[in-house]
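Read the structure below first, then the notes.
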Amino acid sequence: RYFLRDAELAAELCARLPCSLGISGIVSDMRFIAYPIGGFIAPHVDGVRVDEKTGKHSTTSFLLYLADIPEGEGGETEFLDRLSEWSANDGHD
C-alpha cells in the first residue's frame with residue numbers, strides 16, 4: 001500500500017472528473033494499492049478520511065484500475081451489502 005498526501009494532485013484529479021458525478025472535492029490523503037499476482041484484500045469497509053485543509057470527511061471511494069487483466073484471471077471487485085455475506089474461503093481456495 002502506498003499513502004500519498006498531496007492537496008494539489010487531489011485538486012487536479014477532482015478538476016478532471018465529470019461535473020455530472022457531483023464530486024465537490026477529493027481528500028488530499030490518498031491510498032494506492034498494488035496487488036501481486038493472486039493478491040487480494042479481504043472484504044472491508046473503507047475508512048473515513050478527513051481533509052487536512054478543509055476538514056471535510058470522505059464519503060466515497062474511487063477505484064482506478066491501471067492494468068487490464070484477461071477475463072477469468074482475477075481483477076474483480078465485488079460490492080457486498082453486508083460483510084457477513086462473505087466467508088474467509090470464498091473464491092480464494
Side-chain angles (χ1 to χ4, degrees):
R1 294 180 191 207
Y2 305 94
F3 296 89
L4 174 67
R5 181 171 287 147
D6 188 327
E8 288 181 29
L9 177 58
E12 178 68 22
L13 291 171
C14 189
R16 293 175 179 264
L17 294 174
C19 293
S20 60
L21 292 177
I23 303 293
S24 61
I26 294 178
V27 175
S28 60
D29 185 10
M30 296 174 274
R31 294 182 294 166
F32 299 86
I33 301 173
Y35 294 97
I37 294 174
F40 70 96
I41 290 183
H44 64 280
V45 175
D46 287 352
V48 173
R49 301 282 185 208
V50 179
D51 188 278
E52 62 182 358
K53 289 190 177 189
T54 66
K56 289 184 178 182
H57 292 89
S58 62
T59 59
T60 307
S61 293
F62 178 76
L63 303 177
L64 176 64
Y65 297 92
L66 299 176
D68 289 331
I69 306 296
E71 190 169 335
E73 292 189 21
E76 295 86 8
T77 298
E78 184 176 348
F79 295 96
L80 306 174
D81 290 329
R82 292 176 301 283
L83 287 176
S84 61
E85 293 179 10
W86 185 85
S87 71
N89 292 322
D90 283 352
H92 303 291
D93 297 324

For Thr59, the side chain to side chain donor-acceptor pair (under 3.5 Å) test, sequence neighbours excluded, returns none

Between Gly55 and Val50, the two heavy atoms sitting closest are O-CG1, 3.7 Å

Per-pair distances, 0.1 Å, donor-acceptor, side chain in residues 21-32, under 3.5 Å, sequence neighbours excluded:
none

Side-chain donor-acceptor pairs of residues 9-16 under 3.5 Å, sequence neighbours excluded:
residue: Glu12; atom: OE2; partner: Arg16; partner atom: NE; Å: 2.7
residue: Glu12; atom: OE2; partner: Arg16; partner atom: NH2; Å: 3.0

Out of curiosity, Ile33 CD1 to Ile41 CD1, how far, rounded to the nearest 0.5 Å? 3.5 Å

